[in-house]
Each structure stands twice: as C-alpha cells, then as structure tokens.
> 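My questions will all concern the structure given below.
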Amino acid sequence: MESMLGVENKRPFHVVTPVLQSMALSQAAGTKVYMKLENVQPSGSFKIRGIGYFCQQVARDGCQHLVCSSGGNAGLAAAYVAHKLGIPITVVVPRSTSQLTVKRLEEQSAEVEVFGQAWDEANERAMALAEADGWINVHPFDHPLVWKGHATLVQELRDSLDAKPGAIVLAVGGGGLLSGVVSGLQEVGWLDVPIVAVETRGADSFNQAIKAGHLVTLPEITSVAKCLGAKTVAQRALDCAREWPIISWVLDDVEAVKAIERFLDDERMLVEAACGAPLAFLYSGYFRQLQEEGHLSRPLDSVVLVVCGGTGIKMEILQAMKSQLGMV
Ligand code: PLV
C-alpha cells in the first residue's frame with residue numbers, strides 16, 4: 001500500500017516555522033518574547049502538524065475517504081493533506097464558520113457540509129458519516145496521533161533556541177495543541193517549563209473543567225473566537241493540567257480582538273480571534289501580573305508565544321467583530 005501512495009506520504013506536510021523575537025510583545029510583557037510563527041504553515045495554522053501526521057498514518061492503513069469536523073482550520077489542514085494524498089474528504093463545519101473558510105475548503109477540493117450551530121454538533125455528524133466502510137474520522141484535537149504531530153513544534157523550539165524558555169503561552173480550544181506541547185516538552189526533557197493556556201470567555205471549557213475537577217460542557221459558545229469553541233475539552237487536556245504546571249487564563253473577546261489589531265500593526269500579520277487570545281495575554285499585562293503575584297517566576301529569560309494563526313480572518317471580518325463587540 002505504502003508504495004502506491006508515492007512520495008507525498010513520506011515527508012511531513014508541515015514546515016519548520018520561524019522563531020522570531022517580537023520587540024513590541026517583549027516590551028509589553030517585560031520579558032523577551034519569541035513568536036513561534038505557526039501562521040505561516042501550509043493551511044495557515046499549527047493544525048497541519050498533528051492532522052498531517054494522523055492522515056499519513058491512516059492513508060498507510062488504506063483509508064478510502066476522510067471526514068473532518070472543524071471550526072475551519074483543522075478542516076483546512078485535513079483538506080490540504082487529503083488533496084496531496086489523493087484521498088477524497090468531507091469537511092463538516094458548523095454554521096458559525098465563515099463563508100470565507102467554506103470557500104477556501106472548496107478550493108482545496110473538499111466536499112463541505114454545514115451542520116449544527118457549534119463545532120460539537122458538526123462533530124456528531126462527522127462521526128456518523130465515518131461509520132461508512134473505508135471512511136476515517138479525523139478528530140481536530142482529541143487523538144494521540146494528532147498530539148504526536150503537534151509535539152514537533154517543541155522539537156523545533158529545542159533546535160532554534162539557545163536555552164529553554166521560561167514559559168510557553170498558547171491558545172486552548174479542545175486542548176489538542178496543549179496536549180501536543182506537553183508531549184513535546186516531555187520528549188525534549190524540558191520538564192519544568194510552565195504553560196499558560198489562554199481562552200476567551202464564552203469558549204472557556206478548559207478553565208471550567210479545571211475549576212470543577214472534571215470535564216464540563218458549556219451550554220453554548222458565545223465568544224467570537226469560534227475556533228476555540230469546543231464545548232467540552234479532551235480528557236487528555238484535563239489530565240495534562242494534573243501532570244504539568246499549567247496556568248489557565250480567560251480573557252474577554254474585546255481584549256482578543258484588540259490584540260489582533262495591535263499585532264497587525266506591530267508585526268504586520270493578521271491572525272484569527274483564537275490567536276488573539278494568547279496575544280492579549282501578553283499585550284494586556286497579565287503576564288506581568290502573574291509574575292507579580294508569584295505564579296510565574298521573575299525574572300524569566302524568555303517566553304515563547306505560539307502564534308497559532310488561523311485563516312478565518314480578513315479586514316471585513318475584523319471590522320464585523322469590532323462592531324459586534326461595540327468597539328467602533
Ligand atoms: N480549531 C479547531 C477547533 O475548532 C478547528 O477545527 O479548526 N488556534 C486556532 C487558529 C485554531 O483553529 C484552534 C482549533 C486552536 C487555536 C485551538 O486548538 P485546540 O483545539 O487544539 O486546543 C472548534
């Protein structure tokens with residue numbers, strides 16, 4: 001089977017992304033901030049790491065048709081990979097996914113089905129479709145192969161940085177990125193690097209699970225950061241919080257959207273609201289606050305910010321989010 005798939009299934013689909021210091025973010029945080037630029041991945045986000053790896057494995061096992069439920073970016077990663085592998089794919093997105101994303105998925109030759117209000121309903125539909133013979137469901141965040149693929153991000157950090165960072169700041173949706181980064185930190189032996197896991201209010205299923213001590217299902221996703229909108233996080237994410245120094249942080253949509261604009265001005269890159277959340281953690285002074293309160297050490301040599309990216313954004317969408325939030 002493997003030889004029939006040809007050269008496309010031999011190398012990873014993700015690229016080694018740049019690690020750059022941001023002067024503006026460093027100034028805001030009072031510590032040197034390195035950006036791990038996952039927004040420049042093919043398909044526009046870190047998702048290609050884990051999903052690319054997952055799809056490669058199932059393609060080797062003879063998968064005939066892929067199906068992926070997604071807020072957008074996981075679907076785009078899966079569609080990109082499926083196209084390269086020559087496997088047909090159906091992507092199920094909720095109604096909250098932008099037309100822009102649907103168009104981009106179709107451009108990647110994916111069949112798109114719009115189903116349900118939030119990602120969780122689209123996921124149920126995808127699982128039902130995957131019952132068909134030869135079909136495989138690509139979970140956007142809850143699978144060990146996905147975490148293994150995401151872990152490559154930390155291997156690259158080890159190769160790019162002179163010293164281990166003092167903390168890693170990242171976004172949490174369903175917790176796949178978080179789980180992968182924890183695996184990566186374990187692999188490279190950076191066993192004491194704390195992670196700040198940021199969500200927006202209204203998509204804060206990880207924070208609520210930590211507070212409750214068990215998984216919590218949000219009644220609905222009210223945040224504009226729809227790609228952080230898994231109503232329930234993966235059990236693995238909650239387990240990570242028991243095994244690893246993780247600080248869970250929740251901030252407002254307005255802060256996340258302001259951070260997108262500021263990042264565009266500072267670094268000339270436009271990212272989704274999902275990525276605005278960890279940016280806002282640094283821009284809004286919460287990093288300094290946690291240091292002052294003794295939750296993070298001070299001084300720290302450096303902080304790594306995972307610029308998770310996301311393609312569901314353009315100026316028109318940014319303006320629409322601002323008016324929805326009463327920011328204009
Ligand atoms: N987005 C998923 C889940 O959506 C998706 O289907 O694309 N940053 C960006 C740009 C993302 O797209 C996502 C996840 C995250 C962060 C959070 O990653 P996670 O789910 O692994 O914690 C509902």
Side-chain angles (χ1 to χ4, degrees), residues 36-41 43-51 54 67-80 91-98 101-102 104-105 110 112 116-123 126 137-143 146-151 153 169-183 195 197-200 202-207 209 218 220-221 223-238 240-241 246 248 256 260 263 269-279 305-313:
K36 179 67 173 157
L37 292 174
E38 292 299 295
N39 55 324
V40 302
Q41 286 289 0
S43 87
S45 78
F46 71 95
K47 291 272 176 184
I48 187 89
R49 292 182 185 272
I51 285 174
F54 177 95
V67 54
C68 179
S69 61
S70 174
N73 296 312
L76 272 163
Y80 173 90
V91 179
V92 189
V93 295
R95 281 193 286 282
S96 55
T97 299
S98 69
T101 301
V102 171
R104 289 205 175 124
L105 284 165
V112 183
Q117 198 50 46
W119 168 80
D120 302 70
E121 286 117 67
N123 184 44
N137 183 33
V138 187
H139 198 290
F141 56 82
D142 195 2
H143 196 284
V146 171
W147 309 327
K148 193 168 156 68
H150 290 341
L153 187 156
V169 181
L170 49 75
V172 173
L177 176 62
L178 174 70
S179 305
V181 166
V182 168
S183 299
I195 299 174
V198 190
E199 295 169 290
T200 46
D204 50 344
S205 43
F206 181 59
N207 187 265
L218 303 179
E220 58 180 334
I221 300 299
S223 168
V224 296
K226 297 299 177 204
C227 275
L228 299 187
K231 289 187 197 168
T232 320
V233 292
Q235 179 63 46
R236 175 68 196 136
L238 187 56
C240 283
I246 294 178
S248 163
I260 299 177
F263 190 63
M269 291 185 271
L270 181 59
V271 294
E272 249 184 65
C275 184
L279 280 169
L305 166 74
V306 179
V307 181
C308 44
T311 57
I313 187 78

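Note that ligands are numbered from 1 as they come in the structure, with each ligand's atoms numbered from 1 the same way. Heavy atoms only: backbone and side chains are in, while hydrogens, waters and symmetry mates are out.
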> E199 side chain to S205 main-chain N or O, any donor-acceptor pair under 3.5 Å?
yes
> Among residues at least two apart in sequence or on other chains, which ones pass ring pair (Phe, Tyr, Trp, His ring centres under 6.0 Å) with F263?
none
> May I ask you to decide if T311's main-chain N or O and E272's side chain share a donor-acceptor pair within less than 3.5 Å?
yes
> Suppose we screen for side-chain contact (heavy atoms from CB on, under 4.5 Å). Which residues come up paired with A273, at least two apart in sequence or across chains?
V224, A225, I260, M321
> Show me the short polar-atom pairs for ligand 1: any N or O of it lying under 3.5 Å from a protein N or O, with distances only.
from	atom 1	to	atom 2	distance (Å)
ligand 1	1 (N)	C227	O	3.1
ligand 1	4 (O)	C227	O	3.3
ligand 1	6 (O)	S70	OG	2.7
ligand 1	6 (O)	G71	N	2.8
ligand 1	7 (O)	S70	OG	3.4
ligand 1	7 (O)	N73	N	3.0
ligand 1	7 (O)	A74	N	2.8
ligand 1	12 (O)	N73	ND2	2.8
ligand 1	20 (O)	G174	N	2.8
ligand 1	21 (O)	G176	N	2.9
ligand 1	21 (O)	L177	N	2.9
ligand 1	22 (O)	G173	N	2.7
ligand 1	22 (O)	G174	N	3.2
ligand 1	22 (O)	G175	N	2.8
ligand 1	22 (O)	G176	N	3.4

> Does the plane of the ring in F141 sit parallel, tilted or perpendicular to the ring in W119? Use 30° and 60° as the thresholds.
tilted
> Side-chain atoms of residues 169-183: list all donor-acceptor pairs with protein atoms under 3.5 Å, sequence neighbours left out, distances to 0.1 Å.
from	atom 1	to	atom 2	distance (Å)
S179	OG	G175	O	2.7
S183	OG	S179	O	3.1

